[in-house]
2 protein chains.
Amino acid sequence: MNRKEDIILKAARLFRKKGFSSSSMRDIAGSVGIEAPSLYNHIKSKHEILEIILLEIAEDFTNGMNSICESDKKASQLLKEIIDLHITLTIKKTDQIGLLTHEWINLTGAAREKFLKLRNDYELNFKKVIEKGMMEGEFKKLHIDLTLFSTLSTLRWLYAWYKSNQDMDIDRLRSDMYTLLVDGLTQGLD
Amino acid sequence: MNRKEDIILKAARLFRKKGFSSSSMRDIAGSVGIEAPSLYNHIKSKHEILEIILLEIAEDFTNGMNSICESDKKASQLLKEIIDLHITLTIKKTDQIGLLTHEWINLTGAAREKFLKLRNDYELNFKKVIEKGMMEGEFKKLHIDLTLFSTLSTLRWLYAWYKSNQDMDIDRLRSDMYTLLVDGLTQGLD
DNA sequence: ATATTTGACTAACAAACGTTAGTTAGCTTG
DNA sequence: CAAGCTAACTAACGTTTGTTAGTCAAATAT
């Protein structure tokens with residue numbers, strides 16, 4: 001099964017560089033070092049490759065979020081843990097995360113529905129954390145969806161920034177993200 | 001020339017929904033209401049459509065940024081004007097902006113170089129505003145690139161949020177964005 | 001040692017792709 | 001009114017696409 005993992009990995013890298021639709025099975029095979037038809041000894045279709053990549057990383061996020069939400073800490077602490085989750089996954093699976101935001105449009109049928117459900121649940125849990133912070137007076141009272149969207153877009157774009165700044169100290173990254181995303185919400189309260 | 005504009009507009013909508021590579025010339029023609037070969041009476045190639053869309057919106061941003069940077073106001077004021085620029089363009093050209101962040105990978109040759117130069121210059125000007133704010137003691141001193149990237153990703157993702165919240169009051173959106181992106185940098189200074 | 005499975009290969013398919021050629025109806029211009 | 005231009009059409013092109021069929025050598029299991 002090492003081959004299969006290699007195919008998925010190389011495909012993810014290619015999809016990120018050229019996009020899913022612009023990457024052919026011959027491209028993928030070439031970057032693995034085999035011929036295109038040989039791919040089908042390991043995967044069912046080109047679409048299945050994308051499904052595996054996207055659903056795996058979506059489930060990583062869902063699992064991480066669920067275990068964070070189980071506890072009843074302060075909202076600011078929960079937010080920090082969510083930030084940690086994003087940083088950890090970004091470092092571990094940079095290429096896959098780069099596909100999350102846009103390439104899901106190439107999913108169809110059940111895979112598409114499942115992916116969107118995971119994403120929606122994730123955002124809903126995230127939203128609850130922000131609402132909690134605002135309700136308990138820890139966060140500024142802003143438009144909730146806009147705050148969610150703003151925080152999330154920074155976290156989602158981390159991968160693009162990380163790719164060209166891999167030398168940065170992770171602890172520094174973490175603490176600056178806290179300042180940017182948490183302190184911005186908690187400080188300056190009137 | 002009305003047809004040409006219509007083609008560009010319909011193509012932008014299609015590209016955003018299905019991606020550039022997954023949208024065929026027959027798809028585009030269909031959404032315009034003509035046959036695929038008739039497109040070539042108005043445009044040179046499929047790639048040219050993407051180039052027109054991306055370079056036009058990139059130049060909109062560049063022009064906006066340049067006229068903002070001409071003045072010597074406080075950094076916080078400049079940042080607010082940059083936010084205004086993003087909001088204005090997002091409302092006026094939602095579909096086109098949705099392509100900016102990812103579909104440029106389908107550009108080749110001179111168009112790609114030109115686009116990336118525009119984008120890079122834009123980010124450099126943006127960075128100067130943030131640096132100015134930090135140097136003059138108006139903004140918190142954080143990792144500059146990370147701050148830039150965080151602010152920019154929120155602004156770049158506005159289009160996705162706007163699409164499903166078109167009923168929101170623009171002035172409310174503007175003021176909440178100020179709070180989120182400007183106050184977060186200025187408040188809580190030690 | 002024999003049988004079976006694995007995983008690579010070449011050949012090839014049908015469909016879809018961007019695009020060109022050639023034609024024609026209708027509008028614009030002298 | 002005639003000439004030329006515009007912008008649509010159909011037919012068809014050569015490529016590239018994802019994928020299937022069939023083959024075969026090496027590894028694995030019995």
Side-chain angles (χ1 to χ4, degrees), chain A residues 1-55 95-96 99 102-112 115, chain B residues 1-55 95-96 99 102-112 115:
Chain A
M1 282 295 151
N2 233 349
R3 247 301 140 82
K4 183 167 185 178
E5 284 169 24
D6 192 35
I7 290 171
I8 306 281
L9 214 79
K10 295 279 167 58
R13 192 153 304 167
L14 243 157
F15 291 168
R16 186 148 107 76
K17 191 181 167 194
K18 312 205 311 169
F20 170 76
S21 290
S22 301
S23 307
S24 71
M25 293 301 267
R26 287 161 180 88
D27 288 337
I28 298 170
S31 76
V32 172
I34 59 178
E35 296 296 321
S38 304
L39 292 170
Y40 291 83
N41 287 321
H42 307 278
I43 48 95
K44 282 211 293 281
S45 67
K46 185 186 178 189
H47 273 98
E48 198 205 28
I49 300 180
L50 186 64
E51 289 172 14
I52 291 174
I53 295 173
L54 291 184
L55 288 177
D95 289 320
Q96 292 90 324
L99 305 176
H102 279 83
E103 296 293 4
W104 65 266
I105 60 174
N106 293 298
L107 292 178
T108 55
R112 186 189 183 104
F115 175 85
Chain B
M1 281 295 152
N2 234 349
R3 247 301 140 82
K4 183 167 183 178
E5 283 169 23
D6 192 35
I7 290 171
I8 306 281
L9 214 80
K10 295 280 169 54
R13 192 155 302 167
L14 242 155
F15 291 167
R16 186 150 109 73
K17 191 181 169 194
K18 313 205 310 170
F20 170 77
S21 290
S22 300
S23 307
S24 72
M25 292 300 268
R26 288 164 180 84
D27 288 337
I28 298 170
S31 77
V32 172
I34 59 178
E35 295 297 320
S38 305
L39 292 171
Y40 291 84
N41 289 320
H42 307 278
I43 47 98
K44 281 212 293 280
S45 67
K46 186 187 178 189
H47 272 97
E48 198 206 29
I49 300 179
L50 186 64
E51 290 172 14
I52 291 173
I53 294 173
L54 291 184
L55 287 178
D95 289 319
Q96 291 90 324
L99 305 175
H102 279 83
E103 296 294 3
W104 64 266
I105 60 174
N106 292 299
L107 292 178
T108 55
R112 187 190 183 106
F115 175 85

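Because the structure is a prediction, the values reported are computed rather than measured.
Using a 4.5 Å cut-off on side-chain heavy atoms (C-beta onward), B/K17 and B/L14 make no contact. You'll find the side chain of B/L99 stays beyond 4.5 Å of the side chain of B/Q96, heavy atoms only.
Put simply, A/H42 has no side-chain N or O that comes within less than 4.0 Å of OP1 or OP2 on C/dT6. Between A/S38 and C/dC9 there is a side-chain polar atom (N or O) within less than 4.0 angstrom of OP1 or OP2.
Within a 6.0 Å radius of CZ in B/R112, more than 12 heavy atoms belonging to other residues, nucleotides or ligands are found.
Here A/I52 contributes atom CD1 and A/K44 contributes atom NZ; the two are 8.0 Å apart, rounded to the nearest 0.5 Å.
Distance, B/N2 CG to D/dA7 P: 11 Å, rounded to whole Å. Between the CZ atom of B/R3 and the C1' atom of C/dC27 there is a distance of 15 Å, rounded to whole Å. Rounded to whole Å, atom P of D/dA8 lies 13 Å from atom NZ of B/K4. Atom CD of A/E48 and atom C1' of D/dG18 are 14 Å apart (whole Å). Summarising the geometry, the separation between CG on A/N41 and P on C/dT10 is reported as 13 Å, rounded to the nearest angstrom. Following rounding to the nearest Å, A/L39 (CG) and C/dT6 (C1') show an atom-to-atom distance of 15 Å. Atom CD1 of B/I7 and atom C1' of D/dA8 are 11 Å apart (whole Å).
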Open item on the list: For B/L54 and B/L50: C-alpha separation, side-chain torsions, deciding distance, then whether side chain to side chain contact (heavy atoms under 4.5 Å, CB included) applies.
Closed with: CA-CA 6 Å; B/L54 291 184; B/L50 186 64; 3.9 Å; yes
Task: B/F20 vs B/H47, side chain to side chain contact (heavy atoms under 4.5 Å, CB included): CA-CA, chis, key distance, verdict - done: CA-CA 9 Å; B/F20 170 77; B/H47 272 97; 4.1 Å; yes
Open item on the list: side chain to side chain contact (heavy atoms under 4.5 Å, CB included) for A/R3 and A/V32? Distances and angles first, verdict last.
Closed with: CA-CA 9 Å; A/R3 247 301 140 82; A/V32 172; 3.9 Å; yes
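Taking both residues in full, the closest heavy atoms of B/F15 and B/I49 are given as CE1-CG2, 4.0 Å, listed atom of the first, atom of the second, then distance.
Five base pairs at each end of the helix from C/dA1-D/dT30 to C/dG30-D/dC1 define two local axes, and these are offset by 20° (rounded to 10°).
B/E35 pairs by the salt bridge (Lys or Arg N to Asp or Glu O under 4.0 Å) definition with nothing, not counting sequence neighbours.
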Open item on the list: So if I define the base as every atom that isn't primed, P, OP1 or OP2, how would nucleotides 12-18 of chain C read as a B/S/- string at a heavy-atom cutoff under 4.0 Å?
Closed with: B----BB
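Between B/A36 and A/E35, the one whose closest nucleotide on DNA chain C sits nearer the 5' end is A/E35.
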